[in-house]
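Data block below; observations after.
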Protein chains: 2
Amino acid sequence: MTETQILNYALNQFAGIDADAFELSSSYWQRKTYGKGEFYNEYKNVCKYLGFIIDGVFRTYYIDDVSAEEKNVFFFSKNQVVVAYKSFVTQTPCSYYTESMTESTVLYIHVNHLNELYAKSHHWERFGRLVAETAFNLAMNRAEEFMFRTPEQRYLELIQNHPDIFNNVPLYHIASYLGIQAPSLSRIRKRMVGK
Amino acid sequence: MTETQILNYALNQFAGIDADAFELSSSYWQRKTYGKGEFYNEYKNVCKYLGFIIDGVFRTYYIDDVSAEEKNVFFFSKNQVVVAYKSFVTQTPCSYYTESMTESTVLYIHVNHLNELYAKSHHWERFGRLVAETAFNLAMNRAEEFMFRTPEQRYLELIQNHPDIFNNVPLYHIASYLGIQAPSLSRIRKRMVGK
DNA sequence: TGACGATCTTAACCTGAGTTAAGAATATAG
DNA sequence: CTATATTCTTAACTCAGGTTAAGATCGTCA
């Protein structure tokens, strides 16, 4: 399958974008590759593109003003959308960095083109709603993990629910994502030997 | 102002719903009052209504399976929408309880009627998108509070940003909202005397 | 007003995460 | 296959929040 076919298929699965609706968008999609450590979007930058990951892993992180520590917020991988949602929707500067952690390939579309598609087609409007819902679910799940689970439970659930992330990301990035320091994650892992 | 006028005004402010667009919806809105402790929506119930709070305060909480503790997730008050968003959008059973903490008055609309309005009017479609964005912001802010702030910082920011909640809700409910136990909140408050 | 229930604080002890720094294990490149 | 950098674990200590139970304070209403 070509990359465009992969995209078409994914959009169909996700939002019922059929061949005709996809055709409306086809001239708008562009392709970009990222090296390890390259940014999809940076702090204070307005996110102008919605990306679909053909291959690779991205992380979105926050830099704490006080401790200057990086705190991982989201991971995005293959066949997922990558976007700084709030910045993209409101076209305001982003609070985060979104960085490629691997060699990556992305197909992306400009916010203006997407808005055109919303106006032209109910299918694409539906897509916009579903992206909003997906973003909500992502944020709400993240909030729930921190409100209701201990770091140990978050660790176990990450292994269960996102083995793709767990297996492809160094542990110190996992620790940051779980909201703890690397030594704490080591202790949790040690505690669990035998359980 | 009548309650309907309050609603009309708020919808206009929030999403540019003009007199004509409001007229489309006017026969759909119903009114309900809640006593202290009455539920807007309960665990395992599908949330079928989007409410606009004329007066009162609601809280959404989760009950921990293990500890059987209540954990407050959101507060909603006057001139805000009250809804179990995920349940409402997906029409699936809710994970939460949403309870009135005071005598309250709500104007509400059924999900089917709202979907009708989406189909009929771009104004209402816009409203739907904005509700989705509001829900995202609420969830994302909550996630950020827990990912990036200490309980003490969360407490200070609550006082700053939501004095209405802080002043109208008992401290043990605030503690739960901040993700800590009541004695911890007492210690934080004590620590801060003199700061 | 005074008695009750609700709310808030305090104390004592426990536990798990933070911090720092050192060292072990693992990858990667030359 | 060794040297080097990266990643992971461990140790020792500190500290904030959890837990439990007691007591203080506040509100309310008979």
Side-chain angles (χ1 to χ4, degrees), chain A residues 35-37 57 59 61-72 75 99-103 145-159 163 165-195, chain B residues 35-37 57 59 61-72 75 99-103 145-159 163 165-195:
Chain A
K36 190 171 176 171
V57 180
R59 73 180 174 115
Y61 64 92
Y62 170 80
I63 294 191
D64 192 291
D65 343 337
V66 183
S67 66
E69 248 180 331
E70 292 180 6
K71 308 215 174 188
N72 292 325
F75 294 116
E99 176 201 76
S100 180
M101 302 175 70
T102 60
E103 296 292 312
E145 286 165 15
F146 280 84
M147 288 190 288
F148 309 145
R149 315 286 173 220
T150 63
E152 179 163 335
Q153 290 172 321
R154 294 200 287 275
Y155 174 69
L156 291 171
E157 288 180 8
L158 181 70
I159 295 176
I165 293 171
F166 180 71
N167 293 316
N168 291 298
V169 167
L171 283 175
Y172 63 89
H173 274 149
I174 303 277
S176 166
Y177 181 78
L178 297 174
I180 58 180
Q181 300 303 118
S184 289
L185 180 53
S186 266
R187 284 187 289 236
I188 287 170
R189 287 157 60 80
K190 193 176 185 186
R191 245 185 260 152
M192 287 183 5
V193 176
K195 275 195 191 175
Chain B
K36 190 172 177 169
V57 180
R59 73 179 173 113
Y61 63 92
Y62 170 80
I63 294 192
D64 192 291
D65 342 336
V66 184
S67 67
E69 248 181 329
E70 293 180 5
K71 309 215 173 186
N72 293 324
F75 294 117
E99 175 201 77
S100 179
M101 302 175 71
T102 61
E103 296 293 312
E145 288 165 15
F146 280 84
M147 288 190 290
F148 310 145
R149 315 286 173 218
T150 63
E152 179 164 335
Q153 290 172 319
R154 294 200 287 275
Y155 174 69
L156 292 171
E157 288 180 8
L158 181 71
I159 295 176
I165 292 171
F166 180 71
N167 293 316
N168 290 299
V169 167
L171 283 175
Y172 64 89
H173 273 149
I174 302 277
S176 167
Y177 181 77
L178 297 174
I180 58 179
Q181 299 303 117
S184 290
L185 180 53
S186 266
R187 282 187 289 236
I188 287 171
R189 288 157 60 81
K190 192 175 185 184
R191 246 185 260 151
M192 289 182 6
V193 176
K195 275 195 191 171

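In what follows, chains carry the letters A, B, and so on, assigned in the order in which the sequence lines appear, proteins first and then strands, with residues in each chain numbered from 1.
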Next on the checklist: At a heavy-atom distance below 4.0 Å, what parts of residues 179-189 of chain A sit against DNA chain D?
Outcome noted: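 Residues of residues 179-189 of chain A under 4.0 Å from DNA chain D: A/P183, A/S186, A/R187, A/R189.
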For [X] and [N], what is the distance between atoms [atom1] and [atom2] respectively, to the nearest whole Å?
X      : N      : atom1 : atom2 : value
B/E152 : D/dG17 : CD    : P     : 7 Å
B/L178 : D/dG18 : CG    : P     : 11 Å
B/Q153 : D/dG17 : CD    : C1'   : 15 Å

Next on the checklist: Among residues at least two apart in sequence or on other chains, which ones pass salt bridge (Lys or Arg N to Asp or Glu O under 4.0 Å) with B/E157?
Outcome noted: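 Once residues adjacent in sequence are excluded, the partners of B/E157 under the salt bridge (Lys or Arg N to Asp or Glu O under 4.0 Å) criterion are B/R149.
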Item to check | Minimum heavy-atom distance between B/Y172 and B/A182, given as atom pair plus value | outcome: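 So the minimum-distance heavy-atom pair works out to CB-CB, 4.5 Å.
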Checklist entry - How close do B/S176 and B/K71 get, heavy atom to heavy atom, and via which atoms? => result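 Shortest heavy-atom separation between B/S176 and B/K71 comes out as OG-CA, 3.3 Å.
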Next on the checklist: At a heavy-atom distance below 4.0 Å, which nucleotide of DNA chain C is the first touched by chain A, and which is the last?
Outcome noted: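 Counting from the 5' end, contacts occupy C/dG16 to C/dT20.
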Next on the checklist: Please tell me whether A/S186 and A/R189 have a donor and an acceptor in their side chains that are separated by less than 3.5 angstrom.
Outcome noted: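 Side-chain D/A pair, A/S186 to A/R189: absent.
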Item to check | Ring geometry between A/F166 and A/Y155 (parallel below 30°, tilted from 30 to 60°, perpendicular above 60°) | outcome: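 The arrangement is perpendicular - the two ring planes meet at more than 60°.
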Checklist entry - Heavy-atom distance under 4.5 Å between the side chains of A/Y177 and A/R154, does that happen here? => result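 A side-chain contact under 4.5 Å is absent here.
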Checklist entry - Side chains of B/L156 and B/Q153: closer than 4.5 Å at any heavy-atom pair? => result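 No, too far: nothing below the 4.5 Å cut-off.
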Next on the checklist: For the backbone of B/H173 and the side chain of B/N72, can you confirm whether one donor and one acceptor N or O come within less than 3.5 Å of each other?
Outcome noted: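 Flag set: sc B/N72 to bb B/H173 pair under 3.5 Å.
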